[in-house]
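Everything below concerns the one structure shown next.
Order of the sequence lines sets the chain letters (A, B, ...), proteins ahead of strands, with each chain counted from 1. Everything quoted here is computed from the prediction, not taken from an experiment.
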Amino acid sequence: MAIQERRIIYKHVDEPGYTADIDCYMRHGGYEVLKQALQAKPEDLCKEVFDSGLTGRGGAGFPTGMKWKFLDRKSGKPIYLVCNADESEPGTFKDRQIIYQDPHQLIEGMAISAYAIQAKQAFIYIRGEFINGARILENAIEEARAKGFIGEDIGGSGYSCDIVVHRGAGAYICGEETGLIESLEGKRGYPRIKPPYFPAVLGLYQCPTIVNNVETLAQVKHIIQMGGTEFAKIGVKGDTGTHIFGVSGHVQKPGYYEVEAGSATFGELLYDLCGGPLPGRKFKALIPGGSSTKILRFGERFTGKHPNTGEPFDWGVEDIPLDAISLRACGTFLGTGGAIVMDDSTDMMEAIANLMAFYGHESCGQCTPCREGSLWLNKMTTRMCSGRARTEDVDLMKNIADQIEGRTICAHGEAVAWPTQSHYNKFKDEYLDKIARQGDGRGRYNPNGYPLI
Amino acid sequence: MSDNGQTKMVPINIDGKDFEVPEGMNLVDACESVGVEVPHYCYHTHLSVSGNCRMCLVEMGTPMRDRATGEPIMDDETGKQKIGWMPKPAIACASKAAPGVHIKTQSELTKSCREGVMEFLLANHPLDCPICDQAGECRLQEFATDYGRGFSRYVEEKNVKPKRTVLGPRVTLDNERCILCSRCVRFCAEIDKNPVLGFTERGSHSTLTCYPGTQLDSNYSLNTVDICPVGALTSTDFRFKMRVWFLKPTKSICTESSAGVNTEVWSREGKLYRVTPRRNDEVNDSWMTDSGRMLYKMVESEARMQRFRIDGQVCTLGNAVLRARELIQLGPVAYVASGHLSVEEQAMLRKLVEKEPGSVTFVGHTKEGDGRLITNDRTPNVRGGLVTGLIKELPVAELDKLRRQLESGEIKTVVCYGEDLTKAGIPSELLKKANLVYLGTHRNATSDVARVLLPTLTVFEKTGTFINQQFRLQKFYQAVPGPAGLMPDVYILDALLAECAGGAPCRPTLEQIWQDLAAKVDILAEVKFNKIPETGLLLDGSAYAGLPFCEGSGWHFEPQRELAATSKF
Ligand SMILES: Cc1cc2nc3c(=O)[nH]c(=O)nc-3n(C[C@H](O)[C@H](O)[C@H](O)COP(=O)(O)O)c2cc1C
Ligand code: SF4
Ligand code: SF4
Ligand code: FES
């Protein structure tokens, strides 16, 4: 088998006998990295993170070390660290394993990060549905506080920082970092305009704030443990470390797989680790990194010059390496690594209608293009699935998406536009075919699949 | 601001043309200042920037500099600094004018952004313009015409929302028309400091509402109606009364207090329909009180006086003036007036007093203000009385001295201008015995016992000026004609003066009155009536600094007495 899991973050996930309590964590060497980090200068830790090349695991893939550099340290205002544990993007289920099974890994990562950026206070914003997750984290924080790893005078270093767990109330948009900050402040989760409200300058309570994903903060622990340059050797140029792929949908063995960036291909992930398609089915489409990333169609070819190697490539979906750089070269994103697989039993019009039902429901309603566009697309695609599609709807769909992309306050606009545009680009023929046949009683495209809307 | 207090001008480039605009000014306003419209809904000069409507999207760029050296990168072809255009359109309202900013307001991308936003805004809009009060002054209508595609591709069912939600005693919401721009929400939170409005639900189903247990009942609630760019927030008083395109706006000044709020009075065929604030960044910004808006109702009040009368009998102006002269000359006379008079009326009254001398007292109308746009002095023009020289002392609440003089027979005739003397400590029995000449707009206990009645006009029916608490001279204009047969107060005063002086009335124009004032009053020496700016002219009031004026601090006003003169605003 060419593909090998490389479990760094998930080292103890699903390990028999491994429990979420601090004793178990410390038996496995827990909090040693924190103790070691507290000996170092904060700016040196920041440099390690910068050198590691770590990119954010929350979806946008922004370099973490760079984000930390943007912190406004001159203002004299307190700095806050916020862990984004809102994990709500459909298809994404990687953070919850860390929270539920290895919470101290996150807390250690946060304590190190907080010390590195000299945060005054840290928060974990956790999605409301993770009720037990919040309890587990609170319990873990309590344990860590009792042992002096969090709270006053951490590990005798003189540095103090506490962590507060804040539960969301069920809105996807509160995962967007500025919507999250508003929500954390006790307001409606309306994302803020950037400029001027870049969190690193004007974040929580208008103070400099770093918002990082759960996995990102967990990675920091390992960066400090092995050193930035060492960490940078894992993965590929521009995308270092491991990625956790949460594969769902039409595969034999859906689940989470931690793989070194670029070490294998999607084909290997889907066939070797996930067991391939269900009996008698063929793969049809892949959403690579959470539902907002652009869909790929099995059978299409991706060609170009690889930005890292300069080599020309000619790939099918199965050939695409599992790293952010290669995926970007194929016109989509690695996002959260939440890969959604669809086989030939899927009606693609139902698939897009399903996504639009989600995004239409989750738009915060603040800015016009996303608010109106997402509900329009939702109503329209639902109608199209009910046998009342018009041929002109297909182009209209794409055009509405074009009117949203790049014109909104937050990236939710893109989360509406990208799936729509990419579905249009790749499955327009299927839509038109379906529309042509909807009159003669053969409207559903997937006689043996589940209705998706 | 630069050192000398002057706003620094910076060059910006709009659609390839260079302009100079004040540095740091919001780009939407900066474009407007040079005559370029950037359509916008959510942005409002006097509110924080929310950036939610996306109507103001434009292409934006800044001059490029080398990252390493910081040196400007030049374009060899043009010889100018290269412009780094942003890959995505940006909202103009979130940017400030800075040197070298380039924007494109006419490009294909900008146009497409506007068309898109317009189509989206109208998708779930009820399009009930035929029954909408905002029609004719609706941003949605205007921008749809100017920047929209002219047709809709939307065939889905529209959202349905409540159409007559009562938000408060004076404001009714049509939820379907709301474009969720949050101007009203921000007004309540930021200006009124009474954050009762907010949104519930999500996405396109979002709904404006009051927080549970609260209502939009502040005395500033109707400002939300003014700033609502569409017909969502409506004034319950004005709702369904009149199509706005029939209405004529006239610039006026609110007489509620000495704040001198700038207003616009809307009328059709001699009838008043509403009063709205007129922007003046030195006085009231874009705001006014709800109570001030209701003052127009006085025009059609039952108590309005319509006829000249002698001892209750209707007569001509000539006879009334003749009788008034007789009573005044019978004397000894005392004059009672107030800050309700315009500067011109005060000037004319002063002339009369010079001809027929007698004491002049202003009745004060003080009541605690709100620290914003209602001052403690509930008359608009006490300063005018001082500046014209009509009075030397501030108004009094009780006319004790006059009462004693009337009781002792020291005073026999009282010329009372608009005041109810029975409320100022003079019993009506005493007034009945005196020779009372009454000028005023409405009946009251004093006018009822007057020997001569000379009806005058309300602020809406005449033109003139007031001097507010800041010593700002501000003009108001006639919006509607007065009741048939009546005439501006200054003509009546002129007729009285002519009668006393034994000449013919000359019906002075306001310009003539002002020429006279300019000659007599030092601080008015340079003032020409026709040249007074619409936002007023700040006079030098330092000569009166020692007087114990009753105003406390308010928006754009700090009393002189307290040295910590920082504006609240
Ligand atoms: C609509 C929307 C939803 C998002 N939801 C999440 C989320 O649930 N969890 C998360 O970590 N990041 C989410 N993000 C990304 C965050 O805005 C932000 O980029 C991230 O928390 C930064 O962390 P990172 O740099 O560690 O990736 C979301 C972004 C958008 C636009
Ligand atoms: S893009 Fe959508 S989710 Fe983001 S602020 Fe605008 S309306 Fe809200
Ligand atoms: S009611 Fe008017 S001002 Fe308030 S949010 Fe709606 S459109 Fe904007
Ligand atoms: S005016 Fe609404 S976004 Fe700029």
- Give, as side chain, backbone, both or neither, the part of B:Thr207 having an atom under 4.5 angstrom from any heavy atom of chain A. neither

- Interatomic distance, OH@A:Tyr190 vs OG@B:Ser182, rounded to 0.5 Å, equals 7.5 Å

- Interchain contact, B:Lys158 with chain A, by part (heavy-atom threshold 4.5 Å): backbone

- Query: Which atom names give the shortest non-hydrogen contact between B:Phe199 and A:Arg188, and what distance separates them?
  - Reply: O-NH1, 3.1 Å

- Item | Value rounded to 0.5 Å, distance of CD in A:Gln403 from CD in B:Glu115 | 8.0 Å

- Message: Within a 6.0 Å radius of atom CD on B:Glu32, are there more than 12 heavy atoms belonging to other residues, nucleotides or ligands?
- Response: no

- Message: Is it the case that atom NZ in A:Lys398 sees more than 12 heavy atoms from other parts of the structure closer than 6.0 Å?
- Response: yes

- Should the heavy atoms of other residues, nucleotides or ligands under 6.0 Å from NZ of A:Lys305 be counted, would the total exceed 12? no

- Of the non-hydrogen atoms in B:Arg54 and A:Thr408, which two are nearest, and what is the gap between them? NH2-O, 3.1 Å

- Message: Please determine whether the number of non-hydrogen atoms from other residues, nucleotides or ligands lying under 6.0 Å from atom NZ of A:Lys187 exceeds 12.
- Response: yes

- Nearest heavy-atom approach of A:Ser363 to B:Arg202 is O-CG, 3.3 Å

- Query: OH of B:Tyr211: more than 12 outside heavy atoms within 6.0 angstrom?
  - Reply: no

- Message: A quick test of your reading: do over 12 heavy atoms of other residues, nucleotides or ligands sit less than 6.0 Å from CZ of A:Arg73?
- Response: yes

- Basic-acidic side-chain contact under 4.0 Å: A:Arg383, B:Glu156: yes

- Message: Within a 6.0 Å radius of atom NZ on B:Lys161, are there more than 12 heavy atoms belonging to other residues, nucleotides or ligands?
- Response: yes

- Note on the structure: Bottom line for B:Leu121: the part with an atom under 4.5 Å from chain A's heavy atoms is both

- Task: Pick whichever of B:Ala90, B:Ser50, B:Ala123 has the most heavy-atom pairs under 4.5 Å with chain A.
- Result: B:Ser50

- Note on the structure: Most contact-rich option vs chain A, by heavy-atom pairs under 4.5 angstrom, among B:Cys181, B:Cys113, B:Ala94, B:Cys53, is B:Cys113

- Looking only at heavy atoms, what is the nearest atom pair of A:Arg407 and B:Ser112, with distance? NH2-OG, 2.8 Å

- Item | SG-CD1 distance between B:Cys93 and A:Ile193, expressed to the nearest 0.5 angstrom | 6.0 Å

- Query: Which answer fits A:Glu405, side chain, backbone, both or neither, if we ask what part of it has an atom under 4.5 Å from a heavy atom of chain B?
  - Reply: neither

- Query: Hey, is CZ on A:Phe198 packed in by over 12 heavy atoms from elsewhere, all under 6.0 Å?
  - Reply: yes

- Message: With a 4.5 angstrom heavy-atom cut-off, is it the side chain or the backbone of B:Ser95 that approaches chain A, or both, or neither?
- Response: neither

- Looking at B:Val155, B:Val49, B:Leu57, which one has more heavy-atom pairs under 4.5 Å with chain A than the rest? B:Val155

- Heavy-atom closest pair, residues B:Ser206 and A:Gly365: OG-CA, 4.1 Å

- Checking heavy atoms, do the side chain of A:Arg192, its backbone, both or neither come under 4.5 Å from chain B? neither

- Side chain, backbone, both or neither: which part of A:Ile400 has an atom under 4.5 Å from a heavy atom of chain B? both

- Which pair of non-hydrogen atoms, one from A:Lys379 and one from B:Tyr154, has the smallest distance, and what is that distance? NZ-OH, 3.0 Å

- A:Tyr424: ring-ring contact (aromatic ring centres under 6.0 Å, His included) partners, not counting sequence neighbours: none

- Part of residues 367-376 of chain A lying next to chain B, heavy-atom separation under 4.5 Å: A:Cys367, A:Thr368, A:Pro369, A:Arg371, A:Glu372, A:Gly373, A:Leu375, A:Trp376

